[in-house]
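Heavy-atom basis, side chains included; hydrogens, waters and symmetry copies ignored.
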Amino acid sequence: MKRKFIILKLTTVLFITCFFVPGAIAQYKKEGVNWTKDGNGYYQNSYRGIEIVTLPKNETKLLISSTLLTPAGQYQPLQIKDFVLSADGTKALIYTNSKRVWRYETRGDYWLADLTANKLTQIGKDKPASSLMFAKLSPDASKVAYVSGHNLYVEDVNSGTGKALTTDGTDKLINGTFDWAYEEEFDCRDGFKWSPDGASIAYWQLDASKIKNFLMINNTDSIYPFTVPVEYPIVGENPSSCRIGIVNVNTAQTDWVKIPGDEIQNYIPRMDWVPNTKDIILQQLNREQNTSRVFVADTQSGSVNNIYTETDKAWIDAAPEWQWINNGKEFIWPSEKDGWRHFYRISKDGKKQTLITKGDYDVIKSSLVDEKNNTFYFMASPTNATQKYLYKTKLDGKGKLEAVTPSIFPGTHSYDISPNGIFAFHTYENANVSPLSEWMKLDTGNPFTMEGSLTNQLARIRLPKNKTEFFKIKTEDGFELDGWMKKPDNFDQTKKYPVVFYVYGEPGAQTVTDTYGVSHNFLYGGDMPKDGYVYISIENRGTPAPKGREFRKSIYKNIGTLNIRDQAMAAKEILKWSFIDKDRVAVWGWSGGGSSTLNLMFQYPEIYKTGIAIAAVGNQLTYDNIYQERYMGSPLKTKEAYIKGSPVTYAKNLQGNLLYIHGTGDDNVHYQNAEMLINELIKNQKVFQLMSYPNRTHGISEGEGTNAHLSKIYTKFLKENCPAGGK
């Protein structure tokens with residue numbers, strides 16, 4: 001849903017289990033708790049097989065033995081990527097042998113373990129290896145549906161016989177999953193859903209036949225180069241057409257839902273069945289993504305009703321998955337229409353809307369809807385946008401904001417709450433404390449872990465002498481921005497040190513968060529504080545910080561200008577600090593951060609002397625339509641904002657030392673951006689350094705030695721052009 005954001009933090013969190021929560025097989029691996037249906041325990045994988053751990057005593061019971069998980073003729077059990085149990089607990093659908101599709105491993109093999117018959121069966125065994133996607137058991141567990149080769153299939157569990165539910169799938173006609181743009185920008189991957197009665201399946205069909213292929217060139221995998229086509233709708237080009245079909249599982253006959261609006265000029269990022277009905281509900285966004293409509297369709301009569309409409313002067317995001325309450329008569333829905341991101345309960349007919357969360361704060365995410373106890377749990381941070389805490393209020397909208405997280409633990413918290421709202425797996429961290437976890441009773445906050453409470457764990461921790469500091473900086477434009485800073489070891493206030501700014505700056509992600517490792521530069525081949533650098537990041541307007549709609553959406557039609565000015569004006573104030581050497585100022589970033597780095601170097605050359613830009617969008621008119629049109633408006637009306645915000649427009653102003661890095665196999669931000677930028681720099685006689693990584697993708701990690709090489713070239717360039725140490 002965004003250009004790749006390279007987050008600079010240490011991934012040292014130890015999770016209890018690596019399985020998905022109960023439900024459909026996951027699109028990709030989720031780190032979290034795979035709760036039992038009743039919420040009184042969770043599943044974990046071990047050498048014995050799959051176990052159930054009952055809380056709070058942590059009693060372990062074997063559910064599926066490794067013997068049952070071993071296919072006939074093999075000596076090792078399946079390497080489980082994910083699994084899900086049937087509603088009655090007698091069958092387990094297991095995902096293994098996964099392969100990557102774009103960002104995530106969403107193709108693989110599926111096996112069904114029958115716990116009653118003690119039998120293991122491969123699903124879709126006549127299909128190519130690792131070609132099945134999103135397999136799901138029907139509600140009664142008598143069938144398994146899956147996607148393979150852009151077609152939907154269903155297989156009878158008892159007989160093992162299968163059949164195709166769609167037969168027209170091709171590379172360009174996509175059933176039950178999505179094209180590159182939907183996956184990247186709407187986080188859409190799993191594209192079909194069983195009806196509550198198991199008689200039919202609702203699925204997306206995308207027609208990308210009119211989407212032009214972007215041809216990447218592979219020069220390294222054969223003597224003769226070959227092209228790698230990606231259906232990639234560039235900004236200004238039409239997206240794939242999209243529609244929803246309802247296929248009868250018995251007859252394989254599809255009826256298409258007659259959704260108002262053009263199938264090309266509207267997106268459908270979310271769809272689901274209304275519980276216990278034959279109705280589906282979906283969110284439709286117009287091409288510019290500033291009007292969101294919710295439709296309910298009766299799949300029997302064919303009627304389609306628009307029950308909810310919202311508009312915004314900027315954009316509206318695709319909603320999270322539906323959360324239903326009141327026996328399917330109401331659903332939980334986010335909106336920023338009052339200036340803050342709040343959650344509402346909306347009736348199925350749209351006639352009744354009740355605000356659940358009230359106040360001048362943003363809900364970061366919904367954590368649990370506890371209907372039994374009339375409680376809505378959610379993450380928020382009303383007073384500090386760099387942190388996250390658990391809060392609760394009354395589900396009926398009549399409650400006040402109540403903090404659940406103890407105030408004695410400032411920083412960032414996460415909670416994986418059991419479905420019954422009794423237990424939670426709680427993780428705490430901040431910029432100077434590595435992640436600590438505890439199992440806890442949610443109502444009392446009391447832990448029951450062998451490691452002890454967070455208080456006891458913190459008592460055993462040695463905090464670093466050189467801590468990451470958070471600060472606020474007010475620019476000459478009157479905006480107060482958050483920042484963090486890591487000073488050199490043995491810092492001497494009387495000396496002047498070089499400063500390195502880390503930047504992202506776009507709506508995809510925050511950089512200034514109170515999380516462990518946030519100030520660690522993973523590309524620097526050494527120790528920045530030890531070598532004598534001041535390392536800083538600033539959170540400009542337009543990032544998804546929980547500071548209200550205006551903070552986030554002020555960047556509309558202003559990527560490459562507003563965020564760049566915020567960064568530069570903050571840097572201008574920082575350069576007034578006595579210990580900052582204004583002649584040794586560097587900036588770097590990746591993807592959107594690479595674009596920001598280029599714009600800062602070109603638009604404010606008097607501030608930034610050295611820059612390292614990785615995988616940057618040099619020309620916004622080359623990026624995909626969903627992302628770019630969402631944040632910059634339609635280029636069909638005017639291209640002015642695109643041109644004004646693109647680094648190629650300002651390349652002629654380069655004065656400092658620039659290292660530009662890009663992978664030639666980048667399917668996200670194409671190498672075309674590098675070549676356009678290079679041409680502009682050449683035309684204006686600007687000297688710079690270039691490092692192209694052959695056939696590497698957006699993350700530039702493929703191939704032996706790549707990560708180490710990238711670190712070396714980054715470090716060498718920084719040290720040579722922005723020398724370390726205090727003076």
Side-chain angles (χ1 to χ4, degrees), residues 23 186-188 193 195-196 202 244 257 259-261 266-286 289-299 301 303-380 391-401 419 421 548-549 553:
F186 287 136
D187 208 25
C188 291
K193 299 175 183 291
S195 64
I244 302 295
V257 181
I259 305 165
N266 291 282
Y267 301 108
I268 305 174
R270 300 292 180 262
M271 178 270 291
D272 202 358
W273 290 90
V274 178
N276 307 313
T277 73
K278 297 181 184 297
D279 298 341
I280 64 165
I281 189 168
L282 60 92
Q283 180 190 25
Q284 181 195 70
L285 292 173
N286 64 330
Q289 300 170 68
N290 56 15
T291 299
S292 171
R293 294 182 176 89
V294 177
F295 292 97
V296 172
D298 185 326
T299 63
S301 69
S303 65
V304 179
N305 295 314
N306 178 195
I307 65 146
Y308 181 83
T309 300
E310 186 175 339
T311 60
D312 196 292
K313 292 180 180 179
W315 72 86
I316 297 175
D317 292 314
E321 295 298 326
W322 270 272
Q323 294 176 290
W324 292 93
I325 58 175
N326 193 12
N327 294 317
K329 296 176 183 177
E330 295 178 273
F331 58 91
I332 308 296
W333 194 253
S335 173
E336 295 180 334
K337 59 188 177 183
D338 68 353
W340 301 92
R341 188 172 190 264
H342 284 306
F343 276 69
Y344 297 74
R345 54 189 296 169
I346 300 176
S347 61
K348 181 189 166 185
D349 60 9
K351 294 179 180 179
K352 183 181 179 182
Q353 301 176 22
T354 303
L355 176 61
I356 301 173
T357 56
K358 300 174 182 177
D360 293 346
Y361 63 88
D362 285 310
V363 175
I364 297 172
K365 67 172 289 190
S366 167
S367 297
L368 180 74
V369 176
D370 184 357
E371 192 171 2
K372 180 181 178 182
N373 294 301
N374 188 31
T375 304
F376 180 63
Y377 291 94
F378 57 95
M379 303 303 297
Y391 287 84
K392 67 179 180 179
T393 191
K394 298 297 184 184
L395 187 59
D396 59 14
K398 298 178 181 179
K400 297 180 180 180
L401 179 67
R549 178 203 171 280
K553 294 186 177 179

Ionic contact status for Lys348 with Asp279, cut-off 4.0 Å: yes
Listed partners of Lys337 passing side chain to side chain contact (heavy atoms under 4.5 Å, CB included), at least two apart: Tyr308, Glu310, Ser335, Tyr344, Gln353
Close side-chain approach of Phe186 to Gln289, heavy-atom, < 4.5 Å: yes
Separation of Leu401 CG from Asp360 CG (nearest 0.5 Å): 11.5 Å
Determine yes or no for a side-chain-to-main-chain donor-acceptor pair under 3.5 angstrom, with Asn305 supplying the side chain and Phe295 the backbone. no
CD1 (Ile316) and CD (Gln283) are apart, to the nearest 0.5 Å, by 8.0 Å
Spell out, as yes or no, whether a donor-acceptor pair under 3.5 Å connects the side chain of Thr299 to the backbone of Lys278. yes
Donor-acceptor pair, Asn374 side chain versus Asp396 backbone, under 3.5 Å? yes
Would you check if Leu395 and Val369 make a side-chain contact, meaning some heavy-atom pair closer than 4.5 Å? yes
Within this structure, what is the CD1-CD1 distance for the pair Ile346 and Ile307, rounded to the nearest 0.5 Å? 7.0 Å
Apply side chain to side chain contact (heavy atoms under 4.5 Å, CB included) to residues Lys313 and Lys553 and explain how you reach the verdict. CA-CA 9 Å; Lys313 292 180 180 179; Lys553 294 186 177 179; over 6 Å; no
N/O donor-acceptor pair under 3.5 Å between Gln284 side chain and Pro260 backbone: yes
Looking only at non-hydrogen atoms, find the nearest pair between Pro320 and Arg341 and report the distance. CD-NH2, 4.3 Å
Side chains of Ser292 and Thr309: does their closest heavy-atom pair fall under 4.5 Å? no
Could you state the interatomic distance from OG (Ser366) to CZ (Phe378), rounded to the nearest 0.5 Å? 9.5 Å
Could you go through the side chain to side chain contact (heavy atoms under 4.5 Å, CB included) check for Asn276 and Trp324 one step at a time? CA-CA 11 Å; Asn276 307 313; Trp324 292 93; over 6 Å; no
Under 3.5 Å, side chain of Asp362 to main-chain N/O of Ile364, donor-acceptor pair present? no
Any Arg345 side-chain heavy atom under 4.5 Å of Ile325 side chain: yes
Is there a side-chain contact between Arg270 and Leu282, using heavy atoms and a 4.5 Å cut-off? no
When rounded to the nearest 0.5 angstrom, what is the spacing between CD in Glu330 and CH2 in Trp322? 15.5 Å
For Ala297, all residues meeting side chain to side chain contact (heavy atoms under 4.5 Å, CB included), sequence neighbours excluded: Val257, Ile280, Val304
Can you find a heavy atom in the side chain of Phe343 that is under 4.5 Å from one in the side chain of Trp333? no
Measuring from Glu321:CD to Ile332:CD1, what's the distance to the nearest 0.5 Å? 14.5 Å
Lys392 bridged to Asp370 by N-O distance under 4.0 Å: no
Contact between Phe331 and Asn326 at the side-chain level, heavy atoms closer than 4.5 Å - yes or no? no
Side chain to side chain contact (heavy atoms under 4.5 Å, CB included) assessment of Tyr391 paired with Thr393: CA-CA 7 Å; Tyr391 287 84; Thr393 191; over 6 Å; no
Residue pair Lys358 / Lys400, side-chain heavy-atom distance below 4.5 Å: no
With side chain to side chain contact (heavy atoms under 4.5 Å, CB included) as the test, would you mind laying out the steps for Thr354 and Lys352 before giving the verdict? CA-CA 7 Å; Thr354 303; Lys352 183 181 179 182; 3.9 Å; yes
Under 3.5 Å, is there a donor-acceptor pair between the Thr375 and Asn373 side chains? no
Report yes or no: do Asn290 and Asp312 form a side-chain donor-acceptor pair below 3.5 Å? no
